[in-house]
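Just below is one structure, and these are the notes that go with it.
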Amino acid sequence: MADTRIQARVSEDVAAWLAERDERMLTGGTGLQAKMELGIWKDALTAELRRIRLTLNQANCLADILNGTMISPGIAGRAPVVLMEASDAFHLAREEPLAYDEVPYGTKWDIDEKKLTEYLRTLGPTADHALHDAVNRWWQTNAEATVEGWATVGLTVVPDPHTGDDSAPAPEA
């Protein structure tokens with residue numbers, strides 16, 4: 001497979017970092033080092049996503065919450081976006097519902113909001129970004145709200161430990 005040429009301008013500190021990494025890793029120049037670093041980042045996202053374990057209801061709840069959110073390059077990998085969005089959504093649905101019939105996400109998706117929030121808090125920035133990206137890709141590909149549908153974007157869905165059930169209703173677009 002032929003390589004696709006991509007060019008980018010980087011800040012002086014990133015250029016210096018690439019040069020220093022190239023010196024230590026002997027990759028043959030900063031351009032090759034940048035190519036290698038992108039591969040490392042892609043592999044890191046894949047590895048972090050592979051480690052995440054959610055039940056189907058938890059994954060579908062996060063899809064419901066993150067529906068329509070953009071991955072902002074300014075904060076991607078820096079702030080726990082999934083954690084912040086979920087925490088805010090849980091709070092707002094409980095304390096300040098928009099509609100008279102809006103129910104808390106825990107009730108809607110039959111999940112423990114506190115347990116999911118605590119789990120999301122354990123994710124590092126790379127894992128949080130990988131999860132956000134997976135949910136975004138899940139919406140973009142119109143994947144099914146099933147174990148198999150989530151697997152198409154690399155997310156591992158596990159049976160609910162309380163019920164052993166891995167079926168759930170789909171989030172609404």
### Query
Would V10 and W17 show up in the same hydrophobic cluster when neighbours are defined by side-chain heavy atoms closer than 4.5 Å?
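Hydrophobic grouping puts V10 with W17.
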
### Message
My understanding is that only one of I52, L66, I65, D133 makes a side-chain contact (heavy atoms from CB on, under 4.5 Å) with V82; could you say which?
### Response
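Exactly one candidate clears the test, L66.
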
Answer yes or no: is there a side-chain heavy-atom contact under 4.5 Å between [X] and [Y]?
| X | Y | result |
| --- | --- | --- |
| W41 | T126 | yes |
| L54 | W150 | no |
| L45 | H129 | yes |

Side-chain donor/acceptor of [X] to backbone N/O of [Y], under 3.5 Å:
| X | Y | result |
| --- | --- | --- |
| T122 | Y119 | yes |
| Q58 | T55 | yes |
| D22 | G28 | yes |
| N57 | W109 | yes |
| D128 | L123 | no |
| T107 | V103 | no |
| T30 | Q33 | no |
| W139 | A63 | yes |
| Y105 | A86 | no |

#### Entry: CD/E144: more than 12 non-hydrogen atoms of other groups inside 6.0 Å
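For E144, atom CD is not crowded (no more than 12 foreign heavy atoms under 6.0 Å).
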
Taking every non-hydrogen atom, the tightest pair across [X] and [Y]:
| X | Y | result |
| --- | --- | --- |
| L49 | V153 | CD2-O, 3.2 Å |
| V135 | L62 | CG1-O, 4.3 Å |
| T156 | R50 | OG1-O, 4.0 Å |
| F90 | C61 | CE2-SG, 3.9 Å |
| G149 | A143 | O-CB, 3.6 Å |

Nearest-0.5 Å distance, [atom1] of residue [X] to [atom2] of residue [Y]:
| X | Y | atom1 | atom2 | value |
| --- | --- | --- | --- | --- |
| E118 | L116 | CD | CG | 10.0 Å |
| E48 | R51 | CD | CZ | 5.0 Å |
| R5 | K35 | CZ | NZ | 11.5 Å |
| H91 | E95 | NE2 | CD | 5.5 Å |
| L18 | E23 | CG | CD | 12.0 Å |
| D88 | L83 | CG | CG | 9.0 Å |

### Task
Using side chain to side chain donor-acceptor pair (under 3.5 Å) as the criterion, list what pairs up with T4, not counting sequence neighbours.
none

### Query
In chain order, what residues pass the side chain to side chain donor-acceptor pair (under 3.5 Å) check against E113, with sequence neighbours excluded?
R94

### Message
Walk me through whether L120 and L131 qualify under side-chain contact (heavy atoms from CB on, under 4.5 Å).
### Response
CA-CA 10 Å; L120 294 174; L131 179 56; 3.8 Å; yes

### Task
Check step by step if side-chain contact (heavy atoms from CB on, under 4.5 Å) holds for D64 and K108.
CA-CA 10 Å; D64 190 8; K108 180 177 180 180; 2.8 Å; yes

### Query
Yes or no on side-chain contact (heavy atoms from CB on, under 4.5 Å) for V14 and E37, after CA distance, side-chain angles and deciding distance?
CA-CA 11 Å; V14 171; E37 296 297 342; over 6 Å; no

